[in-house]
> 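Here's a structure for you.
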Amino acid sequence: MILFQDQIVEKSSIHISPDDRGYNFGDGVYEMFRVYKGELFAKEAHFARLIRTAEAVQIQLPYSIELLEEKLNSLLQVEKIIEGTVYLQITRGAAPRAHAFPLKSEPVVYAHCNEVKRPVHIMKQGITVKIVADIRWLRCDLKTLNLLPNVLAKQEALDAGADEAILHRDGLVTECSLSNVMMVKDGVLHTHPANNLILHGVTRAIVLALARELELPILEEPFTLDALRSADEVFITGTTVEVTPVVAIDQQKVADGVIGPITERLQEAFELKFLS
Ligand code: PLP
């Protein structure tokens with residue numbers, strides 16, 4: 001079953017117009033929620049980002065966040081999801097193809113959920129990454145459907161035998177194809193500031209809050225590829241990846257090529273606070 005507009009229905013029963021602007025222009029917004037213990041995790045932060053993105057691209061949400069939350073919870077119950085994800089997207093709706101906004105449009109809401117286990121093994125073992133140029137636009141803070149540069153970056157990483165792409169603009173590290181990136185050097189946690197060049201990850205903010213609780217020094221400043229390559233620890237954060245260590249960059253080991261102590265402390269703090 002899926003959520004379509006404000007109804008929980010069979011996926012096969014819905015009709016989405018080929019003239020939907022999400023389909024023609026990527027004219028829409030989305031969110032990906034984590035589900036732990038049958039509940040939407042960090043829902044306030046996800047809904048706040050959804051509202052912010054929708055306002056920035058002038059898509060009117062068709063109904064209230066309260067009703068949306070109620071519907072997503074009904075979907076989770078119907079699908080009996082305990083540990084999983086919810087994908088939600090809202091497009092500007094159908095209109096004859098023209099770049100300008102239609103005079104009247106009816107946004108289309110669609111959400112589905114899946115059972116997805118925490119990637120416990122990968123979180124211990126770590127991933128490898130490839131450095132890829134960040135060719136995206138200047139509003140990466142908006143969670144819109146325009147993901148082709150992210151798709152291409154991820155594919156470039158996979159084609160090179162890596163798991164994820166770390167993106168850079170002119171030698172400065174921004175984030176990854178579907179996650180944020182942090183590094184540790186001499187005990188200081190470094191990550192790109194939450195400006196227009198990265199998505200303001202919900203997990204990024206949670207991990208920074210945990211780091212503050214652990215009294216780890218934090219520097220939210222852009223850092224170079226050279227700094228990344230000589231980091232003591234590198235890890236990515238995201239709704240599905242949580243805190244996942246990076247053990248090799250372009251086939252070169254990060255430090256000793258195993259999960260670092262600060263990464264491990266942050267993973268433990270995350271589990272203790274949210275999952276125990
Ligand atoms: N950066 C990008 C480009 C993403 O697509 C995502 C998640 O989809 C993230 C970062 C991580 O954000 P969050 O922690 O909210 O999942």
Side-chain angles (χ1 to χ4, degrees), residues 26 28-36 40-54 56 72 83-90 111-114 116 118-119 122-123 127 129-158 163-169 172-183 189-211 220 222 234-246 263 266-267 269-270 273-275:
V29 303
Y30 78 105
E31 271 302 324
M32 177 74 94
F33 299 78
R34 198 65 171 99
V35 180
Y36 294 128
L40 293 172
F41 176 65
K43 61 185 179 188
E44 292 83 4
H46 285 282
F47 285 130
R49 186 168 64 187
L50 177 73
I51 292 169
R52 181 172 171 273
T53 300
L72 294 180
E83 192 167 298
T85 56
V86 175
Y87 174 79
L88 163 72
Q89 74 167 39
I90 304 175
H112 68 257
C113 54
N114 286 304
V116 180
R118 297 179 60 226
I122 299 170
M123 284 164 52
I127 59 162
V129 300
K130 182 177 192 303
I131 303 293
V132 175
D134 190 341
I135 58 166
R136 298 174 300 163
W137 69 333
L138 298 176
R139 290 309 305 272
C140 299
D141 54 317
L142 302 179
K143 206 162 169 65
T144 76
L145 297 180
N146 288 267
L147 290 175
L148 200 47
N150 306 56
V151 168
L152 292 174
K154 177 75 171 181
Q155 193 59 45
E156 191 176 328
L158 293 183
D163 302 305
E164 172 61 306
I166 290 187
L167 307 176
H168 75 96
R169 268 185 210 266
L172 294 179
V173 173
T174 49
E175 57 176 334
C176 302
S177 78
L178 45 79
S179 51
N180 291 111
V181 61
M182 300 192 185
M183 71 154 192
L189 188 58
H190 298 251
T191 196
H192 196 283
N195 61 12
N196 62 315
L197 298 183
I198 66 162
L199 186 77
H200 303 188
V202 170
T203 323
R204 175 189 178 281
I206 288 172
V207 168
L208 289 179
L210 291 172
E220 288 185 71
V234 177
F235 60 87
I236 63 169
T237 65
T239 290
T240 47
V241 298
E242 290 183 18
V243 175
T244 292
V246 172
T263 310
L266 289 166
Q267 287 181 337
F270 187 98
K273 185 150 186 175
F274 303 113
L275 301 168

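Note that the numbering runs from 1 along the sequence shown for the chain. These values consider heavy atoms only, across backbone and side chains, with no hydrogens, waters or symmetry-generated copies. Every number for a ligand or one of its atoms is a count from 1 in the order of the listing.
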> Checking a contact table here: which protein heavy atom is nearest atom 14 (O) of ligand 1, and how many Å away?
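Protein heavy atom at minimum distance: Thr203 OG1, 2.6 Å.
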> Please report whether ligand 1 has a polar contact with Asn150, defined as an N or O pair separated by less than 3.5 Å (distance criterion only).
no
> Under 6.0 Å from the CG atom of Leu158, do we count more than 12 heavy atoms belonging to anything else shown?
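Counting neighbours around CG of Leu158, more than 12 heavy atoms of other residues, nucleotides or ligands fall under 6.0 Å, so yes.
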> How far apart are the closest heavy atoms of Arg52 and Asp141, and which atoms are they?
NH2-OD2, 2.9 Å
> Taking both backbone and side-chain atoms of Lys143, is any N or O found less than 3.5 Å from an N or O belonging to ligand 1?
yes
> Short list, please: which atoms of ligand 1 are under 4.0 Å from a heavy atom of Gly238?
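The atoms of ligand 1 under 4.0 Å from a heavy atom of Gly238 are 11 (C), 14 (O), 16 (O).
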> Less than 3.5 Å between some nitrogen or oxygen of Glu175 and one of ligand 1, yes or no?
yes
> What are the two closest non-hydrogen atoms of Cys140 and Glu175, and how far apart are they?
CB-OE2, 4.2 Å
> What are the two closest non-hydrogen atoms of Leu199 and Lys143, and how far apart are they?
CD2-NZ, 3.8 Å
> Does ligand 1 have a heavy atom under 4.0 Å from the side chain of Leu147, from its backbone, from both, or from neither?
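No part of Leu147 is near ligand 1 at this cut-off.
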> As a check for students: among Leu178, Thr237, Thr240, identify the option with a heavy atom nearest to atom 4 (C) of ligand 1.
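Ranked by closest heavy atom to atom 4 (C) of ligand 1, first place is Leu178.
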> Locate the shortest heavy-atom distance separating Leu72 from Val86; write the atom from each residue and the value.
CD2-CG1, 4.0 Å
> Show the nearest heavy-atom pair for residues Cys176 and Glu164, with the distance to one decimal.
CB-OE2, 3.3 Å
> Run the salt-bridge test on Glu83 and Arg118 with the 4.0 Å N-O cut-off and return the result as yes or no.
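Here Glu83 does not pair with Arg118 in a salt bridge, since their nearest N and O are not under 4.0 Å apart.
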> Quick one: does Arg49 get within less than 4.0 Å of ligand 1, heavy atoms only?
yes
> At less than 4.0 angstrom from any non-hydrogen atom of Gly201, what atoms of ligand 1 do you find?
12 (O), 13 (P), 14 (O), 15 (O)
> Name the residue from Thr237, Thr191, Val234 that meets the side chain to side chain contact (heavy atoms under 4.5 Å, CB included) definition with Val181.
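Single pass found, and it is Val234.
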> Could you tell me whether some N/O pair between Thr239 and ligand 1 is separated by less than 3.5 angstrom?
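There is such a contact, yes.
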> Between ligand 1 and Cys140, can you find any atom pair, the residue atom being a heavy atom, that is separated by under 4.0 Å?
no
> Please work out whether the ring planes of Tyr36 and Phe41 are parallel, tilted or perpendicular, with thresholds of 30° and 60°.
perpendicular
> Got the closest protein heavy atom to atom 11 (C) of ligand 1, with its distance?
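Looking at atom 11 (C) of ligand 1, the protein heavy atom closest to it is Asn180 OD1, 3.7 Å.
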> Report yes if Cys176 has an N/O atom closer than 3.5 Å to an N/O atom of ligand 1; otherwise report no.
no
> Among Ser179, Ala153, Ser177, which one has a heavy atom closest to atom 10 (C) of ligand 1?
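Answer by nearest heavy atom: Ser179.
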